[in-house]
Amino acid sequence: MLAIGIIGASGYTGFELVKIALKHKHISKIKLYGHSSSGQSYSKLYPELSGFNCIIEAIEYIDFTLDVYFLALPHTKSIEIVEKLVKSYKCIIDLSADFRLNSKDLYDLVYHQNHTASELLTTKVYGLSEFVSSDKFKCASVIANPGCFPTVTLLSLLPLVKNFSNKINSISTVAYSGVSGAGKTSTADLSYSEMFGNTKAYSVLTHRHQPEIEQELQNNFPYSITMHLLPVKRGIYATHTIFLNEAIEYEKLNEVYQSTYKEKAFVRMREMPPELNWVIQTNYCDINFQVKGKNIVITSCIDNLIKGASGQAIQNMNLNFGFNETEGLI
Ligand SMILES: NC(=O)c1ccc[n+]([C@@H]2O[C@H](COP(=O)([O-])OP(=O)(O)OC[C@H]3O[C@@H](n4cnc5c(N)ncnc54)[C@H](OP(=O)(O)O)[C@@H]3O)[C@@H](O)[C@H]2O)c1
(Lines give C-alpha, C1' and ligand atoms only; values in the text may rest on other atoms or scores of the structure.)
Protein backbone atom coordinates (compact mmCIF):
# COMPACT_ATOMS: atom_id res chain seq x y z
CA MET A 1 0.00 0.00 0.00
CA LEU A 2 1.21 3.48 -0.83
CA ALA A 3 1.43 6.64 1.22
CA ILE A 4 1.07 9.69 -1.01
CA GLY A 5 1.47 13.43 -0.67
CA ILE A 6 -0.52 15.91 -2.74
CA ILE A 7 1.27 19.24 -2.82
CA GLY A 8 -1.12 21.93 -4.01
CA ALA A 9 -4.14 19.97 -2.81
CA SER A 10 -6.39 23.03 -2.54
CA GLY A 11 -6.37 23.76 -6.29
CA TYR A 12 -8.48 22.29 -9.08
CA THR A 13 -6.09 19.49 -10.08
CA GLY A 14 -5.25 18.83 -6.42
CA PHE A 15 -8.94 18.27 -5.69
CA GLU A 16 -9.24 15.80 -8.58
CA LEU A 17 -6.17 13.94 -7.25
CA VAL A 18 -7.72 13.69 -3.78
CA LYS A 19 -11.01 12.32 -5.16
CA ILE A 20 -9.23 9.66 -7.23
CA ALA A 21 -6.81 8.77 -4.42
CA LEU A 22 -9.69 8.21 -1.99
CA LYS A 23 -11.09 5.41 -4.15
CA HIS A 24 -7.71 3.90 -5.17
CA LYS A 25 -7.25 0.45 -3.65
CA HIS A 26 -3.44 0.69 -3.41
CA ILE A 27 -3.39 4.03 -1.54
CA SER A 28 -3.71 3.81 2.23
CA LYS A 29 -2.45 7.21 3.39
CA ILE A 30 -2.93 10.68 1.90
CA LYS A 31 -1.19 13.81 3.15
CA LEU A 32 -2.15 17.22 1.80
CA TYR A 33 -0.05 20.34 1.44
CA GLY A 34 -0.95 23.88 0.49
CA HIS A 35 0.27 27.45 0.38
CA SER A 36 -2.28 30.04 1.55
CA SER A 37 -4.72 27.24 2.51
CA SER A 38 -2.35 25.56 4.99
CA GLY A 39 -3.94 24.97 8.39
CA GLN A 40 -7.44 24.63 6.87
CA SER A 41 -9.61 21.56 7.09
CA TYR A 42 -9.95 19.98 3.62
CA SER A 43 -13.59 19.12 4.14
CA LYS A 44 -14.30 22.76 5.00
CA LEU A 45 -12.63 23.80 1.76
CA TYR A 46 -14.41 21.05 -0.21
CA PRO A 47 -17.59 20.19 1.76
CA GLU A 48 -18.50 17.54 -0.85
CA LEU A 49 -15.77 15.42 0.83
CA SER A 50 -17.30 15.84 4.27
CA GLY A 51 -16.18 12.40 5.55
CA PHE A 52 -12.52 13.03 4.74
CA ASN A 53 -10.92 14.58 7.80
CA CYS A 54 -7.57 15.99 6.84
CA ILE A 55 -5.80 19.25 7.60
CA ILE A 56 -3.79 20.89 4.82
CA GLU A 57 -0.22 21.25 5.98
CA ALA A 58 2.29 23.90 4.97
CA ILE A 59 4.52 23.01 2.01
CA GLU A 60 7.56 23.92 4.16
CA TYR A 61 6.83 20.91 6.41
CA ILE A 62 6.60 18.12 3.83
CA ASP A 63 6.95 14.61 5.24
CA PHE A 64 9.83 13.09 3.28
CA THR A 65 8.91 9.50 4.16
CA LEU A 66 6.00 9.05 1.73
CA ASP A 67 6.13 6.82 -1.37
CA VAL A 68 4.68 9.11 -4.03
CA TYR A 69 4.43 12.89 -4.33
CA PHE A 70 2.09 14.68 -6.70
CA LEU A 71 2.94 18.32 -7.25
CA ALA A 72 0.00 20.42 -8.42
CA LEU A 73 1.60 23.85 -8.10
CA PRO A 74 1.84 26.83 -10.44
CA HIS A 75 4.74 26.52 -12.87
CA THR A 76 8.15 27.58 -11.48
CA LYS A 77 7.05 26.56 -7.95
CA SER A 78 7.86 22.84 -8.24
CA ILE A 79 11.57 23.03 -9.01
CA GLU A 80 12.91 23.61 -5.51
CA ILE A 81 10.62 21.02 -3.93
CA VAL A 82 11.42 18.35 -6.53
CA GLU A 83 15.13 19.00 -6.00
CA LYS A 84 14.69 18.13 -2.31
CA LEU A 85 12.40 15.13 -2.85
CA VAL A 86 14.52 13.55 -5.54
CA LYS A 87 17.42 13.07 -3.11
CA SER A 88 15.50 10.26 -1.40
CA TYR A 89 14.56 8.63 -4.73
CA LYS A 90 10.82 8.93 -4.42
CA CYS A 91 8.30 8.66 -7.19
CA ILE A 92 7.57 12.29 -8.02
CA ILE A 93 4.82 13.22 -10.46
CA ASP A 94 4.82 16.90 -11.35
CA LEU A 95 1.68 18.28 -12.96
CA SER A 96 3.25 21.66 -13.68
CA ALA A 97 5.35 22.54 -16.70
CA ASP A 98 8.60 22.66 -14.70
CA PHE A 99 10.09 19.39 -15.96
CA ARG A 100 8.33 18.84 -19.29
CA LEU A 101 10.84 20.49 -21.60
CA ASN A 102 14.16 18.74 -22.26
CA SER A 103 16.22 21.88 -22.71
CA LYS A 104 17.12 24.35 -19.97
CA ASP A 105 17.57 27.13 -22.52
CA LEU A 106 14.10 26.56 -23.90
CA TYR A 107 12.59 26.40 -20.39
CA ASP A 108 14.32 29.63 -19.33
CA LEU A 109 13.09 31.35 -22.49
CA VAL A 110 9.50 30.12 -22.37
CA TYR A 111 8.94 30.41 -18.59
CA HIS A 112 11.17 33.44 -17.91
CA GLN A 113 12.90 31.59 -15.10
CA ASN A 114 16.36 30.20 -14.50
CA HIS A 115 15.86 26.42 -14.12
CA THR A 116 17.98 25.44 -11.14
CA ALA A 117 17.60 21.66 -11.48
CA SER A 118 18.24 21.34 -15.19
CA GLU A 119 20.00 17.95 -14.85
CA LEU A 120 16.53 16.53 -14.09
CA LEU A 121 15.20 17.79 -17.43
CA THR A 122 17.18 15.10 -19.19
CA THR A 123 16.57 12.25 -16.73
CA LYS A 124 12.83 12.79 -16.17
CA VAL A 125 10.24 10.76 -18.00
CA TYR A 126 7.71 12.70 -20.08
CA GLY A 127 4.57 10.97 -18.86
CA LEU A 128 2.29 10.74 -21.86
CA SER A 129 1.05 7.42 -20.46
CA GLU A 130 0.19 5.69 -23.73
CA PHE A 131 3.66 6.30 -25.18
CA VAL A 132 5.96 5.48 -22.25
CA SER A 133 7.47 1.99 -22.21
CA SER A 134 7.18 0.12 -18.90
CA ASP A 135 10.98 -0.16 -18.46
CA LYS A 136 11.26 3.65 -18.66
CA PHE A 137 8.68 4.06 -15.93
CA LYS A 138 10.53 1.66 -13.62
CA CYS A 139 13.67 3.75 -13.53
CA ALA A 140 11.87 7.10 -13.37
CA SER A 141 12.16 9.26 -10.32
CA VAL A 142 10.61 12.38 -11.80
CA ILE A 143 7.62 11.99 -14.10
CA ALA A 144 6.68 15.20 -15.88
CA ASN A 145 2.96 14.99 -16.47
CA PRO A 146 2.16 16.47 -19.89
CA GLY A 147 0.14 19.66 -20.29
CA CYS A 148 -3.55 19.39 -21.12
CA PHE A 149 -3.31 20.69 -24.71
CA PRO A 150 -0.19 18.56 -25.38
CA THR A 151 -2.01 15.46 -24.08
CA VAL A 152 -4.97 15.73 -26.43
CA THR A 153 -2.81 16.88 -29.33
CA LEU A 154 -0.06 14.27 -29.02
CA LEU A 155 -2.51 11.39 -28.59
CA SER A 156 -4.22 12.60 -31.77
CA LEU A 157 -1.14 13.24 -33.89
CA LEU A 158 1.65 10.90 -32.77
CA PRO A 159 0.41 7.77 -34.60
CA LEU A 160 0.17 9.79 -37.82
CA VAL A 161 3.47 11.62 -37.39
CA LYS A 162 5.43 8.53 -36.33
CA ASN A 163 4.27 6.59 -39.39
CA PHE A 164 3.73 9.12 -42.18
CA SER A 165 5.99 12.06 -41.35
CA ASN A 166 7.41 12.31 -44.88
CA LYS A 167 3.89 12.76 -46.33
CA ILE A 168 2.97 15.69 -44.08
CA ASN A 169 3.21 19.20 -45.45
CA SER A 170 1.94 21.03 -42.33
CA ILE A 171 -0.45 20.71 -39.40
CA SER A 172 -2.66 23.30 -37.76
CA THR A 173 -4.46 22.66 -34.47
CA VAL A 174 -7.35 24.79 -33.24
CA ALA A 175 -8.15 23.98 -29.63
CA TYR A 176 -10.87 25.08 -27.20
CA SER A 177 -10.59 24.89 -23.43
CA GLY A 178 -12.97 25.32 -20.52
CA VAL A 179 -11.99 28.04 -18.06
CA SER A 180 -10.78 25.62 -15.33
CA GLY A 181 -7.67 25.24 -17.50
CA ALA A 182 -6.34 28.40 -15.84
CA GLY A 183 -6.69 27.05 -12.29
CA LYS A 184 -8.79 28.08 -9.32
CA THR A 185 -7.47 31.60 -8.87
CA SER A 186 -9.81 33.49 -11.09
CA THR A 187 -8.94 36.64 -12.98
CA ALA A 188 -11.52 39.11 -14.28
CA ASP A 189 -11.25 37.91 -17.88
CA LEU A 190 -12.14 34.35 -16.76
CA SER A 191 -15.05 35.36 -14.57
CA TYR A 192 -18.51 33.93 -15.25
CA SER A 193 -19.88 37.26 -16.43
CA GLU A 194 -17.04 37.72 -18.95
CA MET A 195 -17.09 34.18 -20.33
CA PHE A 196 -20.80 33.27 -20.31
CA GLY A 197 -22.03 33.22 -23.92
CA ASN A 198 -18.57 34.27 -25.06
CA THR A 199 -15.48 32.77 -26.70
CA LYS A 200 -12.07 34.13 -27.61
CA ALA A 201 -8.59 33.16 -28.78
CA TYR A 202 -5.70 33.72 -26.40
CA SER A 203 -1.88 33.56 -26.37
CA VAL A 204 -1.95 33.50 -30.18
CA LEU A 205 1.44 32.31 -31.52
CA THR A 206 2.90 32.52 -28.01
CA HIS A 207 1.23 29.72 -26.05
CA ARG A 208 3.70 27.83 -23.85
CA HIS A 209 2.32 24.45 -24.85
CA GLN A 210 3.48 24.81 -28.48
CA PRO A 211 7.20 24.15 -27.70
CA GLU A 212 6.20 21.17 -25.56
CA ILE A 213 4.09 19.70 -28.36
CA GLU A 214 6.83 20.25 -30.96
CA GLN A 215 9.45 18.68 -28.68
CA GLU A 216 7.41 15.47 -28.54
CA LEU A 217 6.20 15.52 -32.15
CA GLN A 218 9.77 16.00 -33.42
CA ASN A 219 8.16 17.47 -36.51
CA ASN A 220 10.11 18.28 -39.62
CA PHE A 221 7.14 20.27 -41.01
CA PRO A 222 5.46 23.52 -39.89
CA TYR A 223 3.10 23.12 -36.94
CA SER A 224 0.89 25.66 -35.20
CA ILE A 225 -1.71 25.56 -32.43
CA THR A 226 -4.19 28.28 -31.51
CA MET A 227 -6.05 28.15 -28.20
CA HIS A 228 -9.52 29.48 -27.45
CA LEU A 229 -11.55 29.78 -24.27
CA LEU A 230 -14.98 28.20 -24.17
CA PRO A 231 -17.79 29.25 -21.84
CA VAL A 232 -17.72 25.87 -20.05
CA LYS A 233 -16.04 24.87 -16.80
CA ARG A 234 -14.00 21.92 -18.04
CA GLY A 235 -12.96 20.04 -21.18
CA ILE A 236 -10.69 20.55 -24.18
CA TYR A 237 -11.81 20.09 -27.76
CA ALA A 238 -9.17 20.11 -30.50
CA THR A 239 -9.43 20.04 -34.28
CA HIS A 240 -6.20 19.17 -36.09
CA THR A 241 -6.05 19.85 -39.84
CA ILE A 242 -3.29 17.99 -41.63
CA PHE A 243 -2.18 19.15 -45.08
CA LEU A 244 -0.44 16.32 -46.93
CA ASN A 245 1.90 16.42 -49.90
CA GLU A 246 0.81 12.88 -50.80
CA ALA A 247 -2.55 11.27 -50.01
CA ILE A 248 -2.76 8.55 -47.32
CA GLU A 249 -5.45 5.89 -47.70
CA TYR A 250 -8.08 5.81 -44.96
CA GLU A 251 -7.52 2.06 -44.42
CA LYS A 252 -3.78 2.51 -43.85
CA LEU A 253 -4.33 5.31 -41.37
CA ASN A 254 -7.03 3.34 -39.63
CA GLU A 255 -4.71 0.36 -39.26
CA VAL A 256 -2.07 2.55 -37.60
CA TYR A 257 -4.49 4.14 -35.11
CA GLN A 258 -6.23 0.86 -34.31
CA SER A 259 -2.97 -0.96 -33.67
CA THR A 260 -1.52 1.93 -31.61
CA TYR A 261 -4.51 2.11 -29.29
CA LYS A 262 -6.05 -1.37 -29.26
CA GLU A 263 -4.45 -2.24 -25.89
CA LYS A 264 -4.87 1.26 -24.43
CA ALA A 265 -7.74 1.54 -22.01
CA PHE A 266 -8.15 5.30 -22.15
CA VAL A 267 -8.02 6.14 -25.85
CA ARG A 268 -11.22 5.50 -27.77
CA MET A 269 -11.22 5.70 -31.55
CA ARG A 270 -14.61 7.03 -32.60
CA GLU A 271 -16.47 6.69 -35.90
CA MET A 272 -17.74 10.26 -35.75
CA PRO A 273 -16.33 13.50 -34.33
CA PRO A 274 -16.46 13.14 -30.53
CA GLU A 275 -18.32 15.41 -28.15
CA LEU A 276 -17.03 17.03 -24.97
CA ASN A 277 -19.90 15.45 -23.05
CA TRP A 278 -18.54 11.97 -23.78
CA VAL A 279 -15.28 12.58 -21.88
CA ILE A 280 -16.10 15.06 -19.11
CA GLN A 281 -15.34 13.64 -15.63
CA THR A 282 -13.43 10.73 -17.25
CA ASN A 283 -9.84 9.80 -18.09
CA TYR A 284 -10.72 9.06 -21.72
CA CYS A 285 -9.39 10.73 -24.84
CA ASP A 286 -11.81 10.30 -27.76
CA ILE A 287 -10.44 10.62 -31.29
CA ASN A 288 -11.93 10.59 -34.78
CA PHE A 289 -10.29 11.21 -38.13
CA GLN A 290 -11.67 11.91 -41.60
CA VAL A 291 -9.65 11.70 -44.80
CA LYS A 292 -10.32 13.49 -48.10
CA GLY A 293 -7.63 13.69 -50.79
CA LYS A 294 -4.61 15.42 -49.32
CA ASN A 295 -6.44 16.57 -46.19
CA ILE A 296 -6.96 14.80 -42.89
CA VAL A 297 -9.05 16.31 -40.10
CA ILE A 298 -8.67 14.80 -36.64
CA THR A 299 -11.05 15.82 -33.87
CA SER A 300 -10.39 14.87 -30.26
CA CYS A 301 -11.32 15.78 -26.71
CA ILE A 302 -10.44 15.19 -23.06
CA ASP A 303 -11.34 16.45 -19.63
CA ASN A 304 -8.48 18.89 -18.94
CA LEU A 305 -8.51 18.22 -15.19
CA ILE A 306 -8.53 14.41 -15.51
CA LYS A 307 -6.85 13.01 -18.64
CA GLY A 308 -5.17 16.41 -19.08
CA ALA A 309 -3.83 16.43 -15.50
CA SER A 310 -4.79 14.39 -12.40
CA GLY A 311 -6.21 11.27 -14.09
CA GLN A 312 -3.13 10.89 -16.25
CA ALA A 313 -0.95 11.49 -13.15
CA ILE A 314 -2.64 8.57 -11.37
CA GLN A 315 -2.42 6.49 -14.58
CA ASN A 316 1.33 7.19 -14.55
CA MET A 317 1.58 6.16 -10.90
CA ASN A 318 -0.31 2.93 -11.72
CA LEU A 319 2.05 2.15 -14.59
CA ASN A 320 5.10 3.04 -12.51
CA PHE A 321 4.14 0.63 -9.72
CA GLY A 322 2.82 -2.13 -12.02
CA PHE A 323 -0.81 -1.71 -10.89
CA ASN A 324 -3.72 -2.10 -13.25
CA GLU A 325 -3.58 1.01 -15.44
CA THR A 326 -7.24 1.79 -14.79
CA GLU A 327 -7.13 1.50 -10.97
CA GLY A 328 -9.01 4.42 -9.41
CA LEU A 329 -9.90 5.80 -12.82
CA ILE A 330 -12.92 3.80 -14.00
N1 LIG B 1 -6.13 23.32 -14.60
C2 LIG B 1 -5.80 22.48 -15.58
O3 LIG B 1 -6.63 22.15 -16.44
C4 LIG B 1 -4.42 21.92 -15.66
C5 LIG B 1 -4.16 20.90 -16.58
C6 LIG B 1 -2.86 20.38 -16.69
C7 LIG B 1 -1.86 20.87 -15.86
N8 LIG B 1 -2.13 21.87 -14.99
C9 LIG B 1 -1.03 22.38 -14.16
O10 LIG B 1 -1.18 21.86 -12.85
C11 LIG B 1 -0.72 22.83 -11.89
C12 LIG B 1 -1.87 23.12 -10.91
O13 LIG B 1 -2.95 23.65 -11.65
P14 LIG B 1 -4.37 23.96 -10.98
O15 LIG B 1 -5.29 24.25 -12.10
O16 LIG B 1 -4.72 22.92 -10.00
O17 LIG B 1 -4.02 25.33 -10.20
P18 LIG B 1 -4.83 26.04 -9.03
O19 LIG B 1 -6.24 25.58 -9.00
O20 LIG B 1 -4.57 27.50 -9.19
O21 LIG B 1 -4.08 25.53 -7.70
C22 LIG B 1 -2.75 25.93 -7.44
C23 LIG B 1 -2.23 25.27 -6.17
O24 LIG B 1 -0.90 25.75 -5.96
C25 LIG B 1 -0.80 26.37 -4.68
N26 LIG B 1 -0.02 27.62 -4.81
C27 LIG B 1 -0.43 28.79 -5.33
N28 LIG B 1 0.58 29.70 -5.28
C29 LIG B 1 1.63 29.08 -4.72
C30 LIG B 1 2.95 29.49 -4.38
N31 LIG B 1 3.38 30.74 -4.62
N32 LIG B 1 3.77 28.60 -3.81
C33 LIG B 1 3.35 27.35 -3.56
N34 LIG B 1 2.09 26.91 -3.86
C35 LIG B 1 1.25 27.77 -4.43
C36 LIG B 1 -2.21 26.68 -4.25
O37 LIG B 1 -2.23 26.60 -2.83
P38 LIG B 1 -3.15 27.54 -1.92
O39 LIG B 1 -4.55 27.47 -2.46
O40 LIG B 1 -3.01 26.89 -0.59
O41 LIG B 1 -2.57 28.92 -1.96
C42 LIG B 1 -3.02 25.57 -4.92
O43 LIG B 1 -3.05 24.43 -4.11
C44 LIG B 1 -0.30 24.06 -12.70
O45 LIG B 1 1.08 24.03 -12.91
C46 LIG B 1 -1.05 23.89 -14.02
O47 LIG B 1 -0.39 24.51 -15.11
C48 LIG B 1 -3.39 22.39 -14.84
Side-chain angles (χ1 to χ4, degrees), residues 5-20 31-42 44-46 54-62 69-82 84-85 92-101 107 110-111 113 126-129 143-155 175-187 190 202-203 207-209 212-213 227 229-230 232-238 276 279-281 283 285 301-316:
I6 300 174
I7 306 167
S10 56
Y12 279 162
T13 58
F15 178 53
E16 296 299 328
L17 282 165
V18 172
K19 283 192 291 180
I20 301 169
K31 292 195 86 170
L32 308 179
Y33 298 94
H35 180 57
S36 60
S37 63
S38 70
Q40 284 191 50
S41 146
Y42 203 67
K44 278 220 170 110
L45 194 63
Y46 288 109
C54 192
I55 300 292
I56 303 173
E57 295 176 45
I59 295 175
E60 293 71 30
Y61 300 110
I62 291 177
Y69 297 86
F70 294 94
L71 289 96
L73 302 175
H75 65 80
T76 76
K77 302 295 176 207
S78 291
I79 300 174
E80 220 176 288
I81 300 169
V82 169
K84 287 183 191 152
L85 290 172
I92 303 158
I93 304 178
D94 182 27
L95 279 72
S96 85
D98 284 349
F99 293 91
R100 293 181 198 149
L101 296 174
Y107 178 88
V110 173
Y111 290 95
Q113 173 91 356
Y126 184 79
L128 185 69
S129 311
I143 297 172
N145 223 51
C148 46
F149 288 112
T151 295
V152 72
T153 299
L154 293 168
L155 290 175
Y176 296 84
S177 169
V179 291
S180 61
K184 196 173 177 180
T185 320
S186 197
T187 51
L190 294 179
Y202 69 102
S203 302
H207 199 285
R208 288 165 164 170
H209 285 175
E212 182 184 333
I213 292 169
M227 281 70 170
L229 276 173
L230 272 187
V232 297
K233 184 172 176 185
R234 54 204 292 164
I236 291 185
Y237 200 95
L276 222 40
V279 297
I280 294 305
Q281 300 284 359
N283 197 49
C285 174
C301 50
I302 58 169
D303 184 312
N304 55 302
L305 296 174
I306 302 186
K307 183 60 175 163
S310 310
Q312 179 155 239
I314 297 281
Q315 191 182 350
N316 284 334

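Numbering of ligands and ligand atoms starts at 1, following listing order.
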Requested in this report: Only counting residues at least two apart or in another chain, list the ones meeting ring-ring contact (aromatic ring centres under 6.0 Å, His included) with Tyr46.
Outcome: Phe15, Tyr42

Report summary line: Which of Leu305, Leu95, Asn145 passes side-chain contact (heavy atoms from CB on, under 4.5 Å) with Ser310? It is Leu95

Query raised in the report: Take atom NZ in Lys77; do more than 12 heavy atoms of anything else shown fall under 6.0 Å from it?
Result: no

Query raised in the report: Is the number of heavy atoms from other residues, nucleotides or ligands under 6.0 Å of Lys44 NZ greater than 12?
Result: no

Report summary line: The protein residues that pass the under-4.0 Å heavy-atom test against ligand 1 are Gly8, Ala9, Ser10, Gly11, Tyr12, Thr13, Gly34, His35, Ser36, Ser37, Ile59, Ala72, Leu73, Pro74, His75, Lys77, Leu95, Ser96, Arg100, Cys148, Ser180, Gly181, Gly183, Lys184, Thr185, Asn304, Leu305, Gly308, Ala309

Query - Side-chain heavy-atom pair Gln312, Thr151 within 4.5 angstrom cut-off - result: yes

Query raised in the report: Would you call the rings of Phe149 and Tyr202 parallel, tilted or perpendicular if under 30° counts as parallel and over 60° as perpendicular?
Result: tilted

